Amino acid sequence: MTRVPGYLYKVAAHLLHATFHASLRRPLKWLRVQGLREKVTLNAVPDGVLRIVCVHDLSERKKFEESLRYQATHDELTGLPNRWLFHLHLSQALVRARRTGLRVAVLFLDLDYFRSVNDSFGHTTGDALLVQVGTRIRSTLRENDTLARLGGDEFAILLADMKNVDEAVRVASKLLLSLQASYRLQDQDVYSGGSLGLAFYPDDAQDSDTLLRYADMAMYQAKQAGRGGYACYSQEMDLRGHENMRLHTRLKEAMAQGILQLHYQPQVDVESGAIVGAEALLRWHDPELGHVSPARFIPVAEATGLILPLSDWVLETACQQIAAWTQAGTPLRVAVNVSAQQFRQRNLPEQVRAALARTGAQAQWLDIEITESVAMTQPAQAREQLDALVGLGCRIALDDFGTGYSSLAYLKALPVSKLKIDKSFMDGIPQDANDVAISRAIIALAKSLGLTLVAEGVETDAQLAFLRQYGCEVYQGWLFAKAMTVQELTSRLHGVQVP
Ligand SMILES: Nc1nc2c(ncn2[C@@H]2O[C@H](COP(=O)(O)O[C@H]3[C@@H](O)[C@H](n4cnc5c(=O)[nH]c(N)nc54)O[C@@H]3COP(=O)(O)O)[C@@H](O)[C@H]2O)c(=O)[nH]1
């Protein structure tokens, strides 16, 4: 008899004294004793010479097996089902849906700006955020919906037995709304919304792998459309998804090979025609893909996290150039575009300070361009970041002014010293009465707030005449020049007096 707790001896004794009923000649597999499942083996020999009873206490083993099963099917951090279990539930839901004729929806969620949270607050806080996100999503779902963590900041949701697509879309909207509220981490309010992709059985795909892949693609589309929203899978996305993947791979290689370039588009004084600054703009001529517009690859870089190393390179290169022009006796103000992700990293001012120190560039020649939407998504954090950048000696320019929130309150609240009127308004000058009215209003506003104004996308003499008439100080556009190489701009600087 092996390792038997006291109460089991009684069972064993009872079995030993049992006469040799035919049923006992076979091993008894399981007995339930005081709530425990024990394996009992009784070998009874008919002549009565030998009787052996083995009683094994398997409760520890059972516990161990159960914990192994749990570990294999659940995410360690959040305790949610993992990818394997999600696929199992999805396959079961698909079998049921084939019988009932109802729909199955797969939702793929990726947190927005999670990497920034990790970078700014550390991985422990990042983990705490993931746990809170899991709890929050779970509380918005029904009990029989499956929520799984697939890894990193990716979650998947299975909504079975859906009568129509709208039902799933309603859940998606509710879920995204719940993610918009802040999380309390390390005594601070942290924001991290999410982007969602949806794919449906039987509309989009028949099997679990493809449904999840399509939902992932749709999520990517939602990210590219500006984050915080959802997108439903469509066939065109499949094509776009492949293109984006290729672009992402080539962009990574281009960065590693150092074939990206920064070009500079002059900013020109409306009255004197002198170059008073330049906007640094990325240019990528790829040996395989040819010229790729930043309007095409920046969103891919944003969606895949490549934007952070890319932005670091832009900042460093622009600062090197500022230092070079200053040393050459032709100092020039350079504006650098700061992406949403870069701005959300809490250490942006430190990165700028370090880049200035490394390159020997003076902060007074560096303009940081942010868009209205970047400034407005997290106003409190924006204020802190911008104050720190201004503290270093940089100037802040608000890009695409007039196209976003255009809240006058934040113009007062944020330390902005420059407004850029968006090209879309210039396009309508002088023929479109609305564009004329809006541009005049922005010029008047900038003047009364003491802000420098730059008009973007100026292509015609008529537009320039309009700017001159209403007192806009600086313009930028193809009328004067497209973005050009350092060498081209340097020779122009030598020909034109810099104020
Ligand atoms: N985060 C970063 N974003 C960047 C960086 N480099 C570029 N970008 C962003 O990509 C978008 C497209 O940029 P690009 O194709 O370079 O277009 C810029 C100008 O070339 C264009 N422009 C300027 N003048 C004219 C004109 O007269 N006509 C005309 N059709 N286009 C013109 O406008 C773009 C400048 O846009 P903006 O930044 O809003 O001032 C664009 O959103 C870039 O911001 C980068 O390094 N980082």
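Please read these numbers as outputs of a predicted model, since none were measured by experiment. Numbers here simply count residues along the sequence, with the first being 1. In each ligand, atom 1 is the first atom listed, and ligand 1 is the first ligand listed.
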| query | Taking the inter-plane angle between the rings of Tyr264 and Trp325 on a 0 to 90° scale, is it parallel (under 30°), tilted (30 to 60°) or perpendicular (over 60°)? | reply | perpendicular
| query | Does Asn164 reach the main-chain N or O of Glu167 with its side chain, forming a donor-acceptor pair under 3.5 Å? | reply | yes
| Nearest protein heavy atom to atom 28 (N) of ligand 1: under 4.0 Å? | yes
| query | Side chain, backbone, both or neither: which part of Asp400 has a heavy atom under 4.0 Å from ligand 1? | reply | side chain
| request: State the CG-OG1 distance between Asn118 and Thr125, to the nearest 0.5 angstrom. | output: 8.5 Å
| field | contact_flag Lys420 ligand 1 heavy-atom lt 4.0 Å | value | yes
| field | Polar contact flag, side-chain donor to acceptor under 3.5 angstrom, Gln476-Gln267 | value | yes
| request: Using a 4.0 Å heavy-atom threshold (strictly under), name the region of Leu281 that reaches ligand 1: side chain, backbone, both or neither. | output: both
| said: Among all the protein's heavy atoms, is there at least one whose distance to atom 6 (N) of ligand 1 comes out below 4.0 Å? | reply: yes
| Nearest neighbour in protein (non-hydrogen) for atom 38 (O) of ligand 1 | Glu279 OE2, 2.9 Å
| field | Ala483 heavy atom under 4.0 Å from ligand 1 | value | no
| Got an N/O contact under 3.5 Å between Val338 and ligand 1? | no
| Best match, Met426, Glu456, Gln267, Lys482: closest heavy atom to atom 40 (O) of ligand 1 | Glu456
| message | Can you tell me how far apart CG (Leu366) and CG (Leu315) are? Round to the nearest 0.5 Å. | response | 6.5 Å
| field | For atom 23 (C) of ligand 1, closest protein heavy-atom neighbour | value | Gln265 OE1, 3.0 Å
| message | With a 3.5 Å distance limit and no angle check, can you tell me whether Asp207 reaches the backbone of Thr210 through a side-chain donor-acceptor pair? | response | yes
| field | pair Trp478-Val458: side-chain heavy atoms closer than 4.5 Å | value | no
| Val270 and Glu473, any side-chain heavy atoms less than 4.5 Å apart | no
| Within reach of ligand 1, part of Gln342 (heavy-atom separation under 4.0 Å) | neither
| said: Tell me the nearest of Trp478, Phe343, Phe480 to atom 31 (N) of ligand 1, using heavy-atom distances. | reply: Trp478
| remark: Within 4.0 Å of some non-hydrogen atom of Val314, the atoms of ligand 1 are 46 (O)
| said: Quick test of your reading of the structure: of Arg283, Glu459, Gln476, whose heavy atom lies closest to atom 20 (O) of ligand 1? | reply: Arg283
| query | How long is the gap from CE on Met426 to CD on Gln463, to the nearest 0.5 Å? | reply | 6.5 Å
| field | From Asp75, Asp110, Asp127, residue fulfilling salt bridge (charged side-chain N to carboxylate O under 4.0 Å, His left out) relative to Arg149 | value | Asp75
| field | Electrostatic pair Glu369:Lys418 at N-O distance under 4.0 angstrom | value | no
| query | Can you tell me which residue and heavy atom of the protein come closest to atom 8 (N) of ligand 1, and the distance to 0.1 Å? | reply | Pro294 CB, 4.1 Å
| query | What protein heavy atom sits nearest atom 4 (C) of ligand 1, and how far away is it? | reply | Ile298 CD1, 3.8 Å
| request: Select the closest option to atom 12 (C) of ligand 1 among Gly457, Ala481, Ala295, Ala455, judged by heavy-atom distance. | output: Ala295
| field | Separation between OH of Tyr233 and CG of Asp204, rounded to the nearest 0.5 Å | value | 6.5 Å
| Distance-only, no hydrogens or angles: does the Arg184 side chain make a donor-acceptor pair with backbone N or O of Asp187 under 3.5 Å? | yes
| query | Taking heavy atoms and a distance under 4.0 Å, where does Leu282 meet ligand 1: side chain, backbone, both or neither? | reply | both
| Numbered atoms and elements of ligand 1 in range of Gly477, under 4.0 angstrom, heavy atoms | 24 (N), 27 (O)
| request: Give the single entry among Asp399, Ile370, Asn337 that approaches atom 47 (N) of ligand 1 most closely by any heavy atom. | output: Asn337
| ligand 1 contacted by Lys423 (non-hydrogen, < 4.0 Å) | yes
